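A quick write-up on the structure given underneath.
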There are 2 protein chains.
Amino acid sequence: MTDPLDMVFAALADPTRRAILSMLLEDDMAVTDVAEPFEMSLAAISKHLSILSRAGLISQERRGRVKWCKLEPDALRAASVWMQGFGQFEPVNLDAFERFLAAELSPPDDHTPETGSPDPAG
Amino acid sequence: MTDPLDMVFAALADPTRRAILSMLLEDDMAVTDVAEPFEMSLAAISKHLSILSRAGLISQERRGRVKWCKLEPDALRAASVWMQGFGQFEPVNLDAFERFLAAELSPPDDHTPETGSPDPAG
DNA sequence: GCGATCGTCAACCGTTTGGTTGAATATGGC
DNA sequence: GCCATATTCAACCAAACGGTTGACGATCGC
């Protein structure tokens with residue numbers, strides 16, 4: 001998978017990664033701190049972060065021992081632009097839209113994965 | 001994968017499926033007609049369509065022998081809403097944004113998969 | 001220098017994905 | 001009834017995914 005759009009959407013398809021993005025919306029974080037609320041290993045989180053990084057959704061800067069992760073909203077914005085092309089040729093079908101929203105979809109300001117299955121975004 | 005957002009983003013992560021969505025932007029199509037520009041088997045396209053359907057991105061209605069595929073932009077719109085939460089807390093970084101756009105990202109009004117690798121959207 | 005911390009790498013594992021082929025199940029036209 | 005058309009199903013395959021564990025390379029504090 002080499003296509004930027006492929007990588008962005010594939011990165012967003014995982015609830016753990018969406019949760020990480022939501023966390024980074026508040027502040028830059030070290031890898032260890034990103035991993036802390038999740039129940040999986042640090043290595044797993046490290047993999048998720050590298051996927052997000054290759055997709056351009058975050059950047060990582062090493063300072064000393066600590067590698068800081070920073071949200072890069074532009075890749076997301078680009079994908080959003082692509083998607084919006086589909087929504088604008090006709091008025092919103094509110095029924096179907098709200099049916100979809102009701103099934104889930106919490107906006108990205110909720111981002112605290114405190115439960116056993118840490119998934120504020122999914 | 002049962003989460004709606006998971007399914008929408010996973011569906012969008014494949015260039016063939018994005019191309020199909022772009023084609024359906026113009027008109028409803030039969031499965032066979034959707035498959036025609038692609039180099040893969042009809043069965044493969046049928047699988048792609050069922051993935052798009054389960055994600056809510058298209059609907060399918062059988063009329064006689066023919067199953068018509070119709071774009072359902074609301075699922076896309078919901079995902080777009082989720083994404084836009086990330087882009088709005090700070091002004092657009094135009095440099096990074098255009099760097100991303102330059103790498104690819106043709107808007108969904110180009111949708112003719114005529115080349116060997118049919119991928120108008122990616 | 002030494003031990004603790006931070007993070008990645010490598011190897012492995014089970015599941016999912018994206019594709020193939022061939023058979024099967026409608027349906028439509030004559 | 002028969003054949004062609006439209007679409008899916010089932011079995012298979014290689015590759016990718018999401019996770020684990022254990023070892024490793026840096027870096028910090030003392």
Side-chain angles (χ1 to χ4, degrees), chain A residues 1-3 5-21 24 28-55 57-70 113 116-119 121-122, chain B residues 1-3 5-21 24 28-55 57-70 113 116-119 121-122:
Chain A
M1 189 166 12
T2 162
D3 177 292
L5 225 33
D6 284 15
M7 291 194 294
V8 169
F9 285 128
L12 294 177
D14 185 280
T16 301
R17 288 194 289 265
R18 288 201 307 278
I20 291 173
L21 291 180
L24 292 178
D28 300 357
M29 297 178 77
V31 173
T32 307
D33 295 333
V34 169
E36 194 271 332
F38 297 95
E39 279 178 335
M40 65 189 74
S41 68
L42 184 61
I45 296 292
S46 180
K47 280 191 193 177
H48 281 305
L49 287 171
S50 100
I51 287 171
L52 289 169
S53 180
R54 266 183 281 117
L57 289 165
I58 68 168
S59 60
Q60 294 183 289
E61 181 199 356
R62 167 151 252 137
R63 277 208 294 274
R65 272 194 295 197
V66 177
K67 198 168 192 177
W68 292 91
C69 305
K70 182 182 183 322
S117 59
D119 186 11
Chain B
M1 187 164 18
T2 163
D3 178 291
L5 225 33
D6 284 14
M7 289 194 295
V8 168
F9 284 129
L12 293 177
D14 185 281
T16 301
R17 289 194 288 265
R18 288 202 307 278
I20 290 173
L21 291 180
L24 292 178
D28 301 356
M29 296 179 78
V31 174
T32 307
D33 295 333
V34 169
E36 194 270 332
F38 297 95
E39 280 176 336
M40 67 189 72
S41 69
L42 186 59
I45 296 292
S46 181
K47 279 191 191 177
H48 280 305
L49 288 171
S50 98
I51 288 170
L52 288 170
S53 181
R54 266 183 280 117
L57 290 165
I58 67 169
S59 59
Q60 294 184 289
E61 181 198 358
R62 170 150 249 139
R63 277 209 294 274
R65 273 193 295 196
V66 177
K67 198 167 191 177
W68 292 91
C69 306
K70 183 181 183 322
S117 59
D119 185 10

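Numbers restart at 1 for each chain; the letters A, B, ... are given by sequence-line order, proteins then strands. The model shown is predicted, which means the values in this text are computed figures rather than measured ones.
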Pairwise distance CE(A/M29) to CG(A/L49) - rounded to 0.5 angstrom: 10.0 Å
Nearest-0.5 Å distance that lies between atom CE in B/M40 and atom OG in B/S46: 12.5 Å
From CH2 (A/W68) to CG (A/L24), nearest 0.5 Å: 11.0 Å
Gap between atom CZ of B/R17 and atom CD1 of B/I45 - 0.5 Å precision: 10.5 Å
Stepwise side-chain contact (heavy atoms from CB on, under 4.5 Å) check, B/Q60 with B/L52: CA-CA 10 Å; B/Q60 294 184 289; B/L52 288 170; over 6 Å; no
Closest-nucleotide ordering on DNA chain D, the 5'-leading residue of A/R63 and A/I51: A/I51
Test salt bridge (charged side-chain N to carboxylate O under 4.0 Å, His left out) applied to A/R18 and B/D3, step by step: CA-CA 12 Å; A/R18 288 201 307 278; B/D3 178 291; 3.6 Å; yes
Interatomic distance, B/T16 atom OG1 to B/K47 atom NZ [nearest 0.5 angstrom]: 13.0 Å
Bend angle of the helix from C/dG7-D/dC24 to C/dC30-D/dG1, from helix axes over five pairs at each end, nearest 10°: 30°
Sugar-phosphate, base or nothing in reach of A/R17, heavy atoms under 4.0 Å: sugar-phosphate
Point-to-point distance, once rounded to the nearest 0.5 Å, from NZ of A/K70 to CD of A/E61: 10.0 Å
Which protein N or O atoms sit under 3.5 Å from an N or O of nucleotides 7-13 of chain C?
| unit_1 | atom_1 | unit_2 | atom_2 | d |
| --- | --- | --- | --- | --- |
| C/dG7 | OP1 | A/V31 | N | 3.4 |
| C/dG7 | OP1 | A/K67 | N | 2.8 |
| C/dG7 | OP1 | A/K67 | O | 3.4 |
| C/dG7 | OP2 | A/T32 | N | 2.6 |
| C/dG7 | OP2 | A/T32 | OG1 | 2.1 |
| C/dT8 | OP1 | A/K67 | NZ | 2.9 |
| C/dT8 | OP2 | A/S46 | OG | 2.4 |
| C/dT8 | O5' | A/S46 | OG | 3.4 |

Which atom of A/V8 lies closest to which atom of A/A55, heavy atoms considered: CG2-O, 3.5 Å
Nucleotides bounding contact with chain B, strand DNA chain D, heavy-atom threshold 4.0 Å: D/dA4 to D/dA11
Positive for side-chain contact (heavy atoms from CB on, under 4.5 Å) with B/I20, one of B/L57, B/I58, B/I51, B/V34: B/V34
Side-chain N or O of B/S41 closer than 4.0 Å to phosphate OP1/OP2 of C/dG19: no
Whole-Å distance separating the CE atom of B/M7 from the P atom of C/dT16: 14 Å
